[in-house]
Amino acid sequence: MLRTHTCGEARAALAGKEVTLAGWVHTRRDHGELTFIDLRDRYGITQVVAHAKENPAAHRALGKARNEWVLRVRGTVRPRPEGTKNPKLPTGEVEVAAAEIEVLNESKTPPFYVNEETEVDENLRWKYRYVDLRRERSRELIRLRHEVVDFIRNFMVERGFWEVETTDLIRSDPTGARDLVVPSRYYPGKFWALPQSPQQLKQILMVGGLDRYFQIARCFRDEDPRADRTLEHSQLDIEMSFVEKTDVMALGEELYTSIFQKFARKPLKQVPWPRVTFEEAMRRFGIDRPDLRFGMELLDLTDVFRSSGFKVFRETLDQKGVVRAIVVPGKAKATRKEIDDLTAIAKRKGAKGLAQFALAGETVESQVAKFLSPEELAGIRRATGAKDGDLVLAVADTYDVASESLGVLREHLGQALGLADTSTHYALWVHEFPLVQRTPDGGWTFAHNPFCGPLTPHDLELLDTAPEKARSKQYDLVVDGRELGGGSIRNHTRAAQERIFAQMGVSKGDAQERFGALLDALDYGAPPHGGIAPGIDRLVMTLAGTENIREVQAFPKTQTGYDPLLDAPAAADPKLLEELGLRVVAKPDKER
RNA sequence: GGUCCCGUGGUGCAGCGGCCUAGCAUACGUCCCUGUCAAGGACGAGAUCGCCGGUUCGAAUCCGGUCGGGACCGCCA
């Protein structure tokens, strides 16, 4: 070893001992005949000091050193003189009096500060990630991720789960997200896909009798990123045999409750977690991943406008529509622009308009007040419980459109107005999802996962009569309005699985071609099984309170999937393309 | 595919038609300095304001395009 101790270990107990440290120059304070440097490694910071008269060679070396040079320091740990101790540092009681300095490596002036917490352009950070990782914040996020994953592994292993690596070169499937694809050399013109998740493989492991499986699995999707999603992410992939819904939920809840208790900065608001059905989530919050840290629940005004003279409401109600609303506290004086912005948000989910009612004193001000009777205006106040100075936002439409429009408004306003109680995390389960849902062209698709089983045998039968009413054994883990993961009890018989595919218009032949391996496996004694797959990146984001997934990944990519560190993607060698039987048709439109 | 925001010495920001010969902080270089810890002090170097074009007597500043980054919509079983 090039060192006897780390830079975090220097304590009063070591006083008098000779130590050798190695690390980076964090800062340098040169007083002429007396020079200090703070030497930094992953473990901490230790002050090193040299006097010109006591040790000229070491003093000269410290004088020459610059930030981010790599030094090896031999010296004696000694208590700092009284009055010069630094209570801000864990190692502030002592310092190392340098006897010998060896420069292990010099450094160019770093492209940004390692020793300050200033914001730096992300492109620079990722390009020089090796410098960025030396910064405390970056290092602590990576540390947190490591510790969480370590905790998860121990938890799972203790409960009898086997960690199994599944293959990352699988069969491409046109459903779901766009696949990232890898060309095959032996089969020119054919491609592997990188897994969007190991879903089929983990189910096959259950058929293989492994009983309890987990994996920290890399998942890939070639879709446009957002702040909380990107090309690749990791999920804790879990699958169990001979279990029911409640078993998996109990395991997930125990794991995540202990993770939050151990790693979160804030306590969980409620343990055990609330379990909210999809129907209830949509009715109360207009979204299937509600943020329970604030109220502003959706209300129903349908009865108030039952016989309204206002044509828009009336016609909606005549067509079995509804009028739903939220109360925005204290926003009666919203500006025209604010209202326009809110209306635009509501329209994203299909609302045709947004009615506003501002409660001012005895009156209710609204752009549609002239169409409404005094009873209706009074009814708004009564039905919503809104107070003076509040703003009531209402959407008249089908139940789904009204609910979802107000759901996004609620989410937006919760954030914009800072309504959420940020002193806690609020975890909950959402379950009893629909099994299938309508596609825009009138067909059916799976609501979550094609392998998800029906809640009861009756729900499977409902596919024949009222598919939209069929519920599934899907459950989602939601924290602070963010979906951290989901899972389900799967179809373990071929018949059930094929029935669901049929509903989505996937013929037996198509299903066999796309999911043949799993379907065949179901023919050979597949046990009842189910699992869950929470995302690691979003978990760490939530624990750390960061809004950006790139911060919790060691080597992030940009919004276009570019890797500034490796300068990837890059053109492939023509010889390699030849071997793969590939010819590039599209000229690269962006030369780097 | 679309909407919005950003791009100014190494870094972070200011300036938003002429007072800009581009300001501040920090980093960087040289020198001074014996107890600092964001050390202090003095001096110095460092930018054709992302790029291209246009408007104007005059553009970092206004307009168009383009490139790069970010947020969002679409998309994401």
Problem set entry | Length of the CH2-P vector between A/W126 and B/U11, whole Å | 16 Å
Exercise. Do A/Q415 and A/D291 meet the criterion of a side-chain donor-acceptor pair at a distance under 3.5 Å?
Worked result: no
For this session: Rounded off to whole Å, could you give me the CG-to-P distance for the A/D121 and B/G12 pair?
Result: 6 Å
Problem set entry | Whole-angstrom distance between B/G17 and B/G7, as gauged at atom P | 15 Å
Seminar exercise, completed: Between A/K85 and A/T558, the residue closer to the 5' end of RNA chain B by nearest nucleotide is A/K85
Exercise. Does the side chain of A/Q196 get closer than 4.0 angstrom to OP1 or OP2 of B/C76 through an N or O atom?
Worked result: no
For this session: Check whether any side-chain N or O of A/R66 sits under 4.0 Å from OP1 or OP2 of B/G29, and answer yes or no.
Result: yes
Problem set entry | N or O in side chain of A/R29 less than 4.0 angstrom from B/U36 OP1/OP2 | no
Exercise. Nearest-Å distance, CG (A/N67) to P (B/C37)?
Worked result: 16 Å
Seminar exercise, completed: note: A/E404, atom CD; B/G74, atom P; distance rounded to Å ~ 11 Å
Exercise. Under 4.0 angstrom, heavy atoms only, what part of the nucleic acid is A/L124 near: base, sugar-phosphate, or nothing?
Worked result: sugar-phosphate
For this session: To the nearest Å, give me how far apart CD1 (A/I345) and C1' (B/C4) are.
Result: 13 Å
For this session: Could you tell me whether the side chain of A/Q47 has a donor or acceptor atom within less than 3.5 Å of a complementary atom in the base of B/U36?
Result: yes
Exercise. Reckon A/Q437 touches a base, only the sugar-phosphate, or nothing at all at heavy-atom distances under 4.0 Å?
Worked result: nothing
For this session: Choose from B/A39, B/U11, B/C75 the nucleotide whose nearest atom is closest to any side-chain atom of A/E223.
Result: B/C75
For this session: Check if the side chain of A/R80 and the base of B/C37 share a donor-acceptor pair of N or O atoms closer than 3.5 Å.
Result: yes
Exercise. OP1 or OP2 of B/A38 sitting under 4.0 Å from any side-chain N/O of A/K88?
Worked result: yes
Exercise. With distance as the sole criterion, do the side chain of A/R226 and the base of B/G74 form a donor-acceptor contact below 3.5 Å?
Worked result: yes
Exercise. Under 6.0 Å between ring centres, would you say that holds for A/H31 and A/F36?
Worked result: yes
Seminar exercise, completed: Paired with A/N491, the side chain to side chain donor-acceptor pair (under 3.5 Å) test is passed by just one of A/Q497, A/Q203, A/K473, namely A/Q497
Exercise. Can you check whether A/T560 has a side-chain N or O nearer than 4.0 Å to OP1 or OP2 of B/G69?
Worked result: yes
For this session: Would you mind telling me which residue lines up with the more 5' stretch of RNA chain B, A/T445 or A/E119, judged by nearest nucleotide?
Result: A/E119
Seminar exercise, completed: Checking B/G12, B/G74, B/U34 against the side chain of A/D224 (C-beta onward), the nearest is B/G74
Exercise. Does A/R550 make a side-chain N or O approach to OP1 or OP2 of B/G69 shorter than 4.0 Å?
Worked result: no
Exercise. Can a donor-acceptor pair under 3.5 Å be found between the side-chain atoms of A/R229 and the base atoms of B/C76?
Worked result: yes
Exercise. Between B/G35, B/A71, B/C37, which one does the side chain of A/A227 approach most closely?
Worked result: B/A71
Problem set entry | Test log, rule side-chain hydrogen bond (donor to acceptor under 3.5 Å, both in side chains), inputs A/T230 and A/Q553 | CA-CA 10 Å; A/T230 176; A/Q553 299 184 329; 4.7 Å; no
For this session: Please tell me which of the listed nucleotides, B/C73, B/U26, B/U34, lies nearest to the side chain of A/R348?
Result: B/C73
Exercise. From the list B/A27, B/U36, B/G70, which nucleotide is the closest neighbour of the side chain of A/E122?
Worked result: B/G70
Exercise. Separation of A/D30 atom CG from B/G29 atom C1', in whole Å?
Worked result: 14 Å
Problem set entry | Flag for A/R29-A/Q47: side-chain donor and acceptor within less than 3.5 Å | yes
Exercise. Contact class for A/R514 (heavy atom, under 4.0 Å): base, sugar-phosphate, or nothing?
Worked result: nothing
Exercise. If we take the P atom in both B/C33 and B/G70, what is their distance in whole Å?
Worked result: 49 Å
Exercise. Under 30°, 30 to 60°, or over 60°: which ring-plane class applies to A/F451 and A/F515, parallel, tilted or perpendicular?
Worked result: perpendicular
For this session: Scan A/N123 against the nucleic acid and name what it touches under 4.0 Å (heavy atoms): base, sugar-phosphate only, or nothing.
Result: sugar-phosphate
For this session: State, without any angle test, whether A/Y213 and A/D237 hold a side-chain donor-acceptor pair at a distance under 3.5 Å.
Result: yes
